[in-house]
Amino acid sequence: MSQVFSDLKTVEYGTPGHPEAPFRVKESHARLCAAGHRLETPPNIATAADVALLHGPKHFERVSGGGFLDADTPAFDGIADIALISLSGALCAAASAVQGAPAFSLMRPPGHHAGKDSVRGFCYFNNLALSCAKLQAEKKAAKIAILDIDVHHGDGTDELMTKRAGVMFCSLHQVPLYPGSGLKSHDNCLNIPLPPGTGEAAYLKEVEKSLESLLAFKPEVLAVSAGFDTYKEDPIAQLKLEKGSYRRLGDMIAQTKLKRFAVLEGGYAPDLPILIENFLAGFFG
Ligand SMILES: [Zn+2]
(Lines give C-alpha, C1' and ligand atoms only; values in the text may rest on other atoms or scores of the structure.)
Protein backbone atom coordinates (compact mmCIF):
# COMPACT_ATOMS: atom_id res chain seq x y z
CA MET A 1 0.00 0.00 0.00
CA SER A 2 1.43 3.33 -1.04
CA GLN A 3 0.79 6.63 0.65
CA VAL A 4 0.79 10.32 -0.24
CA PHE A 5 1.09 12.83 2.61
CA SER A 6 -0.14 16.33 1.86
CA ASP A 7 -1.58 19.26 3.76
CA LEU A 8 -3.36 22.13 2.03
CA LYS A 9 -2.21 24.48 4.80
CA THR A 10 1.07 24.53 2.86
CA VAL A 11 -0.57 26.48 0.01
CA GLU A 12 -1.26 29.41 2.32
CA TYR A 13 1.84 31.49 1.57
CA GLY A 14 3.46 32.95 -1.48
CA THR A 15 4.49 36.06 -3.36
CA PRO A 16 2.83 36.90 -6.69
CA GLY A 17 5.20 36.05 -9.51
CA HIS A 18 7.36 33.74 -7.39
CA PRO A 19 7.88 30.38 -9.18
CA GLU A 20 7.55 28.40 -5.92
CA ALA A 21 3.81 29.04 -5.93
CA PRO A 22 0.77 27.55 -4.16
CA PHE A 23 -0.57 25.89 -7.34
CA ARG A 24 2.27 23.38 -7.11
CA VAL A 25 0.71 21.61 -4.14
CA LYS A 26 -2.92 22.68 -4.64
CA GLU A 27 -3.29 21.44 -8.21
CA SER A 28 -1.11 18.37 -7.69
CA HIS A 29 -3.23 17.46 -4.67
CA ALA A 30 -6.42 17.68 -6.74
CA ARG A 31 -4.93 15.68 -9.60
CA LEU A 32 -3.65 12.86 -7.38
CA CYS A 33 -7.02 12.64 -5.62
CA ALA A 34 -8.76 12.38 -8.98
CA ALA A 35 -6.30 9.67 -10.02
CA GLY A 36 -7.34 7.58 -7.01
CA HIS A 37 -4.31 8.05 -4.76
CA ARG A 38 -4.75 7.83 -1.00
CA LEU A 39 -3.91 11.30 0.31
CA GLU A 40 -3.55 11.73 4.02
CA THR A 41 -3.01 14.89 6.03
CA PRO A 42 -0.20 13.84 8.35
CA PRO A 43 -0.19 14.70 12.05
CA ASN A 44 1.92 17.78 12.69
CA ILE A 45 4.72 15.85 14.37
CA ALA A 46 7.82 17.87 13.46
CA THR A 47 9.43 19.94 16.21
CA ALA A 48 12.28 22.38 16.68
CA ALA A 49 14.26 19.44 18.08
CA ASP A 50 13.85 17.62 14.77
CA VAL A 51 15.18 20.68 12.93
CA ALA A 52 18.18 20.69 15.29
CA LEU A 53 19.07 17.12 14.28
CA LEU A 54 21.12 18.66 11.45
CA HIS A 55 20.64 22.44 11.40
CA GLY A 56 22.56 24.74 13.72
CA PRO A 57 21.18 25.63 17.18
CA LYS A 58 19.98 29.09 16.05
CA HIS A 59 18.41 27.97 12.77
CA PHE A 60 14.87 27.29 13.96
CA GLU A 61 14.81 30.50 15.98
CA ARG A 62 16.03 32.49 13.00
CA VAL A 63 13.33 31.11 10.68
CA SER A 64 10.56 31.52 13.24
CA GLY A 65 11.76 34.99 14.21
CA GLY A 66 11.22 36.28 10.68
CA GLY A 67 13.19 39.25 9.48
CA PHE A 68 15.15 39.12 6.28
CA LEU A 69 16.15 35.57 5.46
CA ASP A 70 17.13 35.47 1.78
CA ALA A 71 15.86 37.25 -1.35
CA ASP A 72 14.47 33.98 -2.80
CA THR A 73 13.40 32.65 0.57
CA PRO A 74 11.61 35.44 2.42
CA ALA A 75 10.21 35.54 5.92
CA PHE A 76 6.54 34.96 5.16
CA ASP A 77 4.18 35.25 8.13
CA GLY A 78 4.08 31.92 9.94
CA ILE A 79 6.61 30.32 7.62
CA ALA A 80 8.26 28.32 10.43
CA ASP A 81 4.93 26.62 11.23
CA ILE A 82 4.28 25.88 7.56
CA ALA A 83 7.82 24.57 7.13
CA LEU A 84 7.21 22.26 10.11
CA ILE A 85 4.09 20.92 8.37
CA SER A 86 6.20 20.25 5.28
CA LEU A 87 8.81 18.52 7.44
CA SER A 88 6.05 16.46 9.10
CA GLY A 89 5.08 15.11 5.67
CA ALA A 90 8.65 14.03 5.00
CA LEU A 91 8.99 12.42 8.45
CA CYS A 92 5.73 10.51 7.93
CA ALA A 93 6.81 9.43 4.45
CA ALA A 94 10.11 8.12 5.86
CA ALA A 95 8.28 6.24 8.64
CA SER A 96 5.91 4.74 6.08
CA ALA A 97 8.82 3.64 3.90
CA VAL A 98 10.56 1.68 6.66
CA GLN A 99 7.28 -0.11 7.35
CA GLY A 100 7.30 -1.25 3.73
CA ALA A 101 4.84 1.24 2.18
CA PRO A 102 6.45 3.54 -0.41
CA ALA A 103 5.39 7.11 0.30
CA PHE A 104 5.48 10.60 -1.17
CA SER A 105 5.32 13.92 0.65
CA LEU A 106 3.48 16.51 -1.43
CA MET A 107 4.24 19.66 0.52
CA ARG A 108 5.96 23.02 0.29
CA PRO A 109 8.29 24.68 1.10
CA PRO A 110 10.89 22.35 -0.42
CA GLY A 111 14.12 21.64 1.48
CA HIS A 112 17.20 20.49 -0.39
CA HIS A 113 18.96 23.89 -0.53
CA ALA A 114 18.64 24.50 3.21
CA GLY A 115 22.07 24.15 4.83
CA LYS A 116 23.26 23.95 8.40
CA ASP A 117 22.75 27.64 9.10
CA SER A 118 21.23 28.84 5.86
CA VAL A 119 17.86 29.24 4.20
CA ARG A 120 18.11 29.62 0.45
CA GLY A 121 16.56 28.65 -2.87
CA PHE A 122 12.96 28.61 -1.48
CA CYS A 123 14.05 26.17 1.29
CA TYR A 124 13.91 26.68 5.08
CA PHE A 125 14.36 23.25 6.70
CA ASN A 126 15.98 20.36 4.86
CA ASN A 127 12.99 18.03 4.98
CA LEU A 128 14.62 15.06 3.30
CA ALA A 129 17.96 15.18 5.13
CA LEU A 130 16.20 15.63 8.48
CA SER A 131 13.94 12.64 7.75
CA CYS A 132 16.99 10.49 7.08
CA ALA A 133 18.70 11.72 10.25
CA LYS A 134 15.57 10.90 12.25
CA LEU A 135 15.39 7.36 10.84
CA GLN A 136 18.98 6.89 11.95
CA ALA A 137 18.42 8.51 15.36
CA GLU A 138 15.45 6.23 16.00
CA LYS A 139 17.45 3.25 14.73
CA LYS A 140 14.86 2.52 12.07
CA ALA A 141 17.54 2.48 9.38
CA ALA A 142 21.31 2.48 9.66
CA LYS A 143 22.21 2.87 5.97
CA ILE A 144 20.33 5.28 3.73
CA ALA A 145 20.91 6.25 0.11
CA ILE A 146 19.70 9.65 -1.06
CA LEU A 147 18.98 10.32 -4.72
CA ASP A 148 18.39 13.97 -5.65
CA ILE A 149 16.73 14.30 -9.06
CA ASP A 150 15.92 18.00 -8.83
CA VAL A 151 17.53 19.98 -11.66
CA HIS A 152 19.47 22.04 -9.10
CA HIS A 153 22.35 20.69 -7.03
CA GLY A 154 21.13 19.61 -3.60
CA ASP A 155 23.73 21.82 -1.95
CA GLY A 156 22.02 21.86 1.44
CA THR A 157 21.80 18.08 1.56
CA ASP A 158 25.39 17.80 0.34
CA GLU A 159 26.52 20.13 3.15
CA LEU A 160 24.49 18.38 5.85
CA MET A 161 25.34 14.82 4.80
CA THR A 162 29.03 15.12 3.93
CA LYS A 163 30.94 12.39 5.82
CA ARG A 164 27.82 11.34 7.72
CA ALA A 165 28.08 7.67 8.69
CA GLY A 166 25.53 5.41 7.00
CA VAL A 167 24.58 7.89 4.27
CA MET A 168 25.43 8.03 0.58
CA PHE A 169 24.18 11.03 -1.38
CA CYS A 170 23.87 11.36 -5.13
CA SER A 171 22.66 14.47 -6.97
CA LEU A 172 22.11 14.84 -10.72
CA HIS A 173 21.85 18.48 -11.74
CA GLN A 174 22.27 20.98 -14.53
CA VAL A 175 25.56 22.88 -14.65
CA PRO A 176 25.83 25.82 -15.03
CA LEU A 177 22.80 26.70 -12.95
CA TYR A 178 21.90 27.91 -9.44
CA PRO A 179 23.43 27.32 -6.89
CA GLY A 180 26.67 26.77 -8.84
CA SER A 181 28.00 23.95 -6.66
CA GLY A 182 28.15 20.18 -7.17
CA LEU A 183 30.77 20.23 -9.89
CA LYS A 184 32.63 17.26 -8.42
CA SER A 185 32.02 14.24 -6.24
CA HIS A 186 33.63 14.14 -2.81
CA ASP A 187 33.56 11.95 0.30
CA ASN A 188 30.17 10.16 0.38
CA CYS A 189 28.60 12.62 -2.10
CA LEU A 190 28.32 11.66 -5.75
CA ASN A 191 27.68 14.78 -7.84
CA ILE A 192 26.69 14.34 -11.49
CA PRO A 193 26.72 17.62 -13.46
CA LEU A 194 24.69 17.61 -16.69
CA PRO A 195 24.85 20.15 -19.52
CA PRO A 196 21.83 22.30 -20.45
CA GLY A 197 19.77 20.54 -23.11
CA THR A 198 20.27 17.03 -21.68
CA GLY A 199 17.32 14.91 -22.84
CA GLU A 200 15.66 11.77 -21.57
CA ALA A 201 18.00 9.10 -22.94
CA ALA A 202 21.19 10.67 -21.61
CA TYR A 203 19.52 11.61 -18.34
CA LEU A 204 18.12 8.17 -17.61
CA LYS A 205 21.48 6.58 -18.44
CA GLU A 206 23.05 8.72 -15.70
CA VAL A 207 20.24 7.78 -13.32
CA GLU A 208 20.88 4.11 -14.03
CA LYS A 209 24.58 4.49 -13.19
CA SER A 210 23.74 6.49 -10.08
CA LEU A 211 21.34 3.83 -8.85
CA GLU A 212 24.01 1.18 -9.40
CA SER A 213 26.43 3.19 -7.25
CA LEU A 214 23.80 3.69 -4.56
CA LEU A 215 22.85 -0.01 -4.57
CA ALA A 216 26.51 -1.00 -4.17
CA PHE A 217 26.39 0.90 -0.86
CA LYS A 218 23.73 -1.65 0.25
CA PRO A 219 21.26 0.82 1.77
CA GLU A 220 18.19 -0.24 3.71
CA VAL A 221 16.21 2.77 2.51
CA LEU A 222 16.25 4.98 -0.59
CA ALA A 223 15.21 8.59 -0.02
CA VAL A 224 14.44 10.65 -3.12
CA SER A 225 14.55 14.44 -3.38
CA ALA A 226 11.96 14.58 -6.13
CA GLY A 227 12.29 17.74 -8.19
CA PHE A 228 10.44 18.06 -11.46
CA ASP A 229 12.29 21.09 -12.83
CA THR A 230 14.20 18.79 -15.23
CA TYR A 231 11.08 19.06 -17.43
CA LYS A 232 11.54 20.62 -20.87
CA GLU A 233 8.98 23.35 -20.15
CA ASP A 234 10.28 24.30 -16.74
CA PRO A 235 10.63 28.09 -16.62
CA ILE A 236 13.87 28.22 -14.59
CA ALA A 237 16.10 25.45 -16.03
CA GLN A 238 17.10 23.94 -19.38
CA LEU A 239 16.99 20.14 -19.24
CA LYS A 240 14.64 18.41 -21.67
CA LEU A 241 12.73 15.63 -19.96
CA GLU A 242 9.32 14.77 -21.38
CA LYS A 243 6.11 14.02 -19.47
CA GLY A 244 6.65 10.27 -19.97
CA SER A 245 10.23 10.48 -18.68
CA TYR A 246 8.92 10.70 -15.12
CA ARG A 247 7.09 7.39 -15.37
CA ARG A 248 10.30 5.74 -16.54
CA LEU A 249 12.27 7.45 -13.78
CA GLY A 250 9.79 6.22 -11.16
CA ASP A 251 9.95 2.71 -12.64
CA MET A 252 13.76 2.64 -12.46
CA ILE A 253 13.70 3.67 -8.81
CA ALA A 254 10.99 1.12 -7.97
CA GLN A 255 13.01 -1.61 -9.66
CA THR A 256 15.66 -1.26 -6.95
CA LYS A 257 13.05 -2.95 -4.69
CA LEU A 258 14.36 -0.81 -1.85
CA LYS A 259 12.15 0.59 0.85
CA ARG A 260 11.64 4.10 -0.39
CA PHE A 261 10.10 7.51 0.02
CA ALA A 262 10.19 10.71 -1.97
CA VAL A 263 9.74 14.35 -1.02
CA LEU A 264 8.70 17.14 -3.38
CA GLU A 265 11.47 19.61 -4.11
CA GLY A 266 11.26 21.86 -7.22
CA GLY A 267 9.23 21.82 -10.43
CA TYR A 268 7.64 25.04 -11.63
CA ALA A 269 5.92 24.31 -14.94
CA PRO A 270 2.10 24.31 -15.09
CA ASP A 271 2.33 20.59 -15.99
CA LEU A 272 3.80 19.76 -12.56
CA PRO A 273 0.69 17.78 -11.42
CA ILE A 274 0.95 15.50 -14.47
CA LEU A 275 4.68 14.99 -13.93
CA ILE A 276 4.10 13.98 -10.31
CA GLU A 277 1.26 11.62 -11.27
CA ASN A 278 3.48 9.97 -13.88
CA PHE A 279 6.40 9.65 -11.46
CA LEU A 280 4.25 8.04 -8.77
CA ALA A 281 2.78 5.57 -11.28
CA GLY A 282 6.30 4.16 -11.52
CA PHE A 283 7.67 4.93 -8.06
CA PHE A 284 4.93 3.18 -6.13
CA GLY A 285 5.53 0.04 -8.24
ZN1 LIG B 1 15.18 22.80 -8.30
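When a ligand or atom number is given, it counts from 1 through the structure's own listing order.
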Enquirer: Looking at the Zn ion (ligand 1), is one of the N, O or S atoms of H112 less than 2.8 Å from it?
Expert: no
Enquirer: In terms of relative ring orientation, are H173 and H153 parallel, tilted or perpendicular, with 30° and 60° separating the classes?
Expert: tilted
Enquirer: Centre of Y231's six-membered ring, under 6.0 Å away, within 45 degrees of the axis: is that where NZ or CZ of K243 sits?
Expert: no
Enquirer: Checking one value in my table: which N/O/S atom of H152 lies closest to the Zn ion (ligand 1)?
Expert: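 Per the distance ranking, H152 contributes ND1 as its closest N/O/S atom to the Zn ion (ligand 1).
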Enquirer: Can you confirm whether H113 sits close enough to D72 that some side-chain heavy atom of one is under 4.5 Å from a side-chain heavy atom of the other?
Expert: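 A side-chain contact is absent here, since even the closest heavy-atom pair is not under 4.5 Å.
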Enquirer: Taking T256 as the fixed residue, which of L147, L214, L222 is the one that meets the side-chain contact (heavy atoms from CB on, under 4.5 Å) rule?
Expert: L222
Enquirer: If the Zn ion (ligand 1) is the vertex, what is the angle to OD1 of D150 and OD2 of D229, rounded to 10 degrees?
Expert: 110°
